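Just so you know, these numbers use all the heavy atoms, side chains as well, and skip hydrogens, waters and symmetry mates. On a predicted model such as this, the values are computed, not experimentally measured, just so you know. By convention in this document, chain letters (A, B, ...) are assigned in the order of the sequence lines, proteins followed by strands, and residues within each chain are numbered from 1.
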Amino acid sequence: MDCRQFDQRLDELLDGSCAPDRWALAAAHADGCTRCRRLLDAVSGGLSKMDAGASTALTGAVLARTSGATCVSARDRLCGYVDGSIGPVDRELVGGHLAGCPACRSLAAALAEVSAALPGFAEFEPGPGFTARVVGRTTLRPAVPGLPARVAAWWQRAVTRPRFPLEVAYVLTLVLMIAVGDPVAAFRETSARAAAIARPRVEAAVSSVVEPAAVASSDGIERVRSAARSVASLGSTAAGAGGAGKQSVVRRWFTVVFGHSFDALFDRLGETASAVRQVWGAYRSARARDRAPAGPAVSPRAGSGRSEPGTTPVR
Amino acid sequence: MELPALLERCRQGDDLAWEAFVRQFQGRVYSIATGYASNPDDTRDFAQEIFVRLYETRGRWAPPEVFVPWLVKVARNLCLDQLRRRKARPPAEDVLADEMPDLAGTAESPEAAAIGDSRRRLVWRALRSLGPLSREIILLKDIQGLALEEIATMLRVPLGTVKSRSNRARLELATRVLALDGEARTHPVA
């Protein structure tokens, strides 16, 4: 068999159409032929076998020129890989990455170690005496009751306090004010209504006092004046009869008692009476004017010419 | 004793049941307190305060089927309250894990005794060196075993955020472990 026939047999072998006995002859030729032997190795891959370092370097170089480093993607799924919570495809992909990436492989190993160690930190024995200290601090304390019990206890304390009725009254007043509204509103017009009712009565009472007083003062002044004149004439008579000293004594006594002389005193009384009459007249006139729009004007002096005390109609 | 019966006895005021409850849950409570306290003394104080509060509120405990997640939540909130009261920051920002004798040294604190061998201690140191959020998520999910939904509710963040942060926190923890491991190999302790 020559090298040309070997090439034909090799093509048949790669096509799958070469019978084993025919290939046995070709293999025997390759054993003795360096050229055909190298060709056979190249086809079967034996010549291209690379060490792991070279393979990793080649993969890294290819990734650097294409998709970039895949460590970030692998670490995104590394926790799931360690926990076994990712799907089989992802698991195979991450496994493939770990086979070629020592850094991620170390991280995965550390992650597995951490995952195994962490549950062991769930409980620490706090040491001897801890239970005794806790029990000693707690068993003397009363339990805090629930909300209903606390509310009931508060109510029990509240109702037994002396000021509780006052507080209840206060609260009810507030509730009433809120429910009803302004409690003063009903009394807001009271003063005006009361004034309307009381005014005629006050006027009647005033007129019943002032008019008789004016009349009485006028009459009294005349009487006093006539009495004084009688006294004066009596004094003159007495003086004429040699009793001038007594008249002087009487006048001096009046002056000391009333602070005025006789004449001055009576003059002032007369002025006061006339002033009272003027004031009363002005008041009656003003009242008549006030009543005029409600009805026919009535002179305060109409009829008997003077209102009798107590006869003014009361509204 | 089964948990429902134990909880019911505690509610009824049975002191022996309460002691059994403390014994049963003190390891878990202490572990949670360890995740938030900055030193062993604070850890013990936090754990005791948690039990005191549990005792005071034993009439209002969660039902047995959800008791453990509820306990974790209560313990976490009380630890945060304690930290706020002390105006302290989370331990990772205050005290480096390497500077904590109970974790890095040989002192036989409860944590050190529980952590045990050097590899677990390495993981513990790496965990204490994480940021507060990563550490808390690992504490709640990977250590205490809470569901992601419960953590999302507790931390008031979306579920997707918890998922992504959980994976990120574990990767960060693994990275820290590798770094500490490298340091240990480079500078072995005599």
Student: Does any backbone or side-chain atom of B/Ile138 lie under 4.5 Å from a heavy atom of chain A? Answer side chain, backbone, both or neither.
Tutor: side chain
Student: Would you check if the side chain of B/Arg9 reaches a backbone N or O of B/Asp14 as a donor-acceptor pair within less than 3.5 Å?
Tutor: no
Student: Under a 3.5 Å threshold, yes or no: a donor from one side chain and an acceptor from the other, between B/Glu8 and B/Gln12?
Tutor: yes
Student: When heavy-atom pairs shorter than 4.5 Å are enumerated against chain A, which of B/Leu139, B/Ile143, B/Leu178 gives the highest number?
Tutor: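 When all of B/Leu139, B/Ile143, B/Leu178 are compared, B/Ile143 has the most.
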Student: Is there a donor-acceptor pair under 3.5 Å between the side chain of B/Arg76 and the backbone N or O of B/Ile32?
Tutor: no
Student: Are the side chain of A/Glu92 and the backbone N or O of A/Val89 linked by a donor-acceptor pair below 3.5 Å?
Tutor: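 Pair absent, no side-chain N/O of A/Glu92 close to backbone of A/Val89.
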Student: Could you tell me if the ring centre of A/Phe124 sits under 6.0 Å from that of B/Trp124?
Tutor: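 Yes, ring centres under 6.0 Å apart.
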Student: According to the interplanar angle, ranging from 0 to 90°, do the rings of A/Phe130 and B/Tyr30 count as parallel (below 30°), tilted (30 to 60°) or perpendicular (above 60°)?
Tutor: perpendicular
Student: What residues of residues 156-171 of chain B sit under 4.5 Å from chain A when you count only heavy atoms?
Tutor: B/Asn167, B/Arg170, B/Leu171
Student: For A/Gly120 versus B/Arg120, what's the shortest heavy-atom pair and its separation?
Tutor: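 That closest heavy-atom pairing would be O-NH2, 3.0 Å.
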Student: Considering only heavy atoms, give the residues of residues 18-25 of chain B separated from chain A by less than 4.5 Å, sorted numerically, with 'none' for an empty result.
Tutor: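 Expected list: B/Trp18, B/Glu19, B/Val22, B/Arg23.
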Student: Does this structure show an ion pair linking A/Arg4 with A/Asp7, if we count only N-O contacts that are shorter than 4.0 Å?
Tutor: no
Student: For A/Arg133, I'd like to know if atom CZ has over 12 heavy atoms of other residues, nucleotides or ligands within 6.0 Å.
Tutor: yes
Student: Checking side-chain polar atoms at under 3.5 Å, does B/Ser31 have a donor or acceptor matched by the opposite partner on A/Glu123?
Tutor: no
Student: Could you look at A/Leu78 and say if it's the side chain, the backbone, both or neither that has a heavy atom under 4.5 Å from chain B?
Tutor: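 Interface part for A/Leu78: side chain.
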Student: Does either side chain, that of B/Glu136 or that of B/Tyr36, offer a donor lying less than 3.5 Å from an acceptor on the other one?
Tutor: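 Checked: B/Glu136/B/Tyr36 side chains pair up, N/O donor to acceptor below 3.5 Å.
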Student: Between A/Val134, A/Val114, A/Thr131, which residue shows the highest count of heavy-atom pairs closer than 4.5 Å to chain B?
Tutor: A/Thr131
Student: Return the minimal non-hydrogen interatomic distance between B/Glu172 and B/Ser134, and the atom names on each side.
Tutor: OE1-OG, 3.2 Å
Student: Among B/Val177, B/Asp181, B/Leu173, which residue forms the greatest number of heavy-atom pairs with chain A at distances under 4.5 Å?
Tutor: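 That would be B/Leu173.
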